[in-house]
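Note that ligands are numbered from 1 as they come in the structure, with each ligand's atoms numbered from 1 the same way.
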Amino acid sequence: MDIDEFDDFKILLWLILFLLFGIIIITCKRDPGDYIMTVNGPVPSSQTGITLEHEHILVDFIGADSTGYSRWDKKEVIIKALPYIDDIKKNGVNTFIECTPSYLGRDPWLLKELSKQTGINFITNTGYYGARNNLYVPESFYSSGPAEISALWINEFINGIEGSGVKPGFIKIAVDPADTLSPEHRKIITAAALAHLKTGLVIASHTGPEKPAFEQINILKELHVDPSAFIWVHAQRGSIESNILAAEEGAWVSLDNVRERPGLEPGAPNSIKWYANRISELKKKNLLNKVLISHDSGWYDPAKPNGGTFNGFTDIFDFLIPALKDEGLTDTDIDLLLVKNPQKAFTIRIRTLNPKL
Ligand SMILES: [Zn+2]
């Protein structure tokens with residue numbers, strides 16, 4: 001090889017290296033990594049920190065035909081909520097998943113302002129709340145099929161909610177606790193399945209008892225949605241056996257309404273000790289990695305003077321965690337419940353049983 005040939009070889013080598021770097025950069029750009037969707041846009045899942053996965057800032061129970069943003073003053077709601085957000089910040093909470101659905105007081109502008117004032121990640125949702133016999137679904141629901149309904153939810157994920165620029169971070173639906181789902185509620189879970197397959201948003205379904213929980217899981221499976229895309233909300237109302245079965249299928253088991261209830265005997269259903277015991281039973285079955293916990297607490301109610309009584313979000317820290325430690329749970333277990341599980345559940349990812357979809 002003479003000098004000229006050596007120079008050509010060096011240039012070629014540099015060219016190859018340059019191309020390789022280019023390919024690496026382009027590939028990295030294509031895969032932004034795991035993320036959750038907050039009211040301020042995507043945040044890497046690894047940065048969510050301690051998360052309260054089912055709470056409320058505001059709930060308006062008046063019904064779909066009468067609710068609207070004019071029913072509350074955002075400033076007043078924020079003044080009321082701020083001390084409770086300060087309390088959870090003291091407990092290290094970094095992410096607050098606000099589960100109030102549309103037509104029940106969902107307010108993306110309010111959550112965005114709260115996030116700005118507190119520095120906490122807030123996450124809102126899309127979907128319809130069918131429980132309470134469809135009081136909170138809009139009139140258009142009845143004349144629409146599941147595909148049309150899912151298109152509205154998908155549109156919110158792509159374009160944001162009502163011009164706010166805020167995108168939903170999950171699908172929140174609700175069904176009545178009957179043994180069999182009504183045709184309307186079959187339509188809602190079907191729409192949720194279709195929306196999940198397009199968006200990768202996890203489906204949190206206010207459900208309660210086990211029969212409607214498994215009926216929803218079965219509908220999802222028929223539509224090729226993996227049960228890990230489903231959060232069984234209020235799963236504490238199902239038996240321990242049903243919780244185990246759902247978790248073994250891959251569904252998320254959300255034990256909500258954790259609250260210190262001073263009147264209850266320790267160990268009585270819904271006492272802190274009862275929750276701690278149920279969580280410990282799930283751990284014994286190696287299913288702690290499918291358990292979520294929440295207070296399902298809050299909130300400002302516009303129908304009440306000054307928003308009524310606002311319940312805080314600290315009983316998990318003040319009462320449940322000590323009770324879990326008494327049951328032998330470790331710091332790693334607590335980290336799973338409050339950080340890793342919510343992180344995994346709310347990461348935007350399509351979970352399908354059919355890899356071709
Ligand atoms: Zn709730």
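- The hydrophobic cluster around Phe61 extends to Val59, Leu104, Tyr129, Leu135, Tyr136, Trp299, counting ILVMFWY residues whose side-chain heavy atoms fall within less than 4.5 Å of a member.
- Taking the salt bridge (Lys or Arg N to Asp or Glu O under 4.0 Å) definition, one finds that Asp179 meets it with Lys211, sequence neighbours left out.
- Using a cut-off of 4.0 Å between Lys/Arg side-chain N and Asp/Glu carboxylate O, Lys340 and Asp335 are scored as salt-bridged.
- Using a 4.0 Å cut-off between a side-chain N of Lys or Arg and a carboxylate O of Asp or Glu, Glu281 and Arg278 do not qualify as a salt bridge.
- Protein-derived N/O/S atoms nearer than 2.8 Å to the Zn ion (ligand 1) total 3, waters excluded.
- Other members of the hydrophobic cluster containing Ile231, listed by chain and number, are Ile36, Val43, Ile97, Ile123, Phe170, Val202, Val233, Trp252, Leu292, Phe346; membership follows side-chain contacts under 4.5 Å among ILVMFWY residues, whether direct or relayed.
- With salt bridges taken as basic N to acidic carboxylate O contacts below 4.0 Å, one links Glu162 and Arg106.
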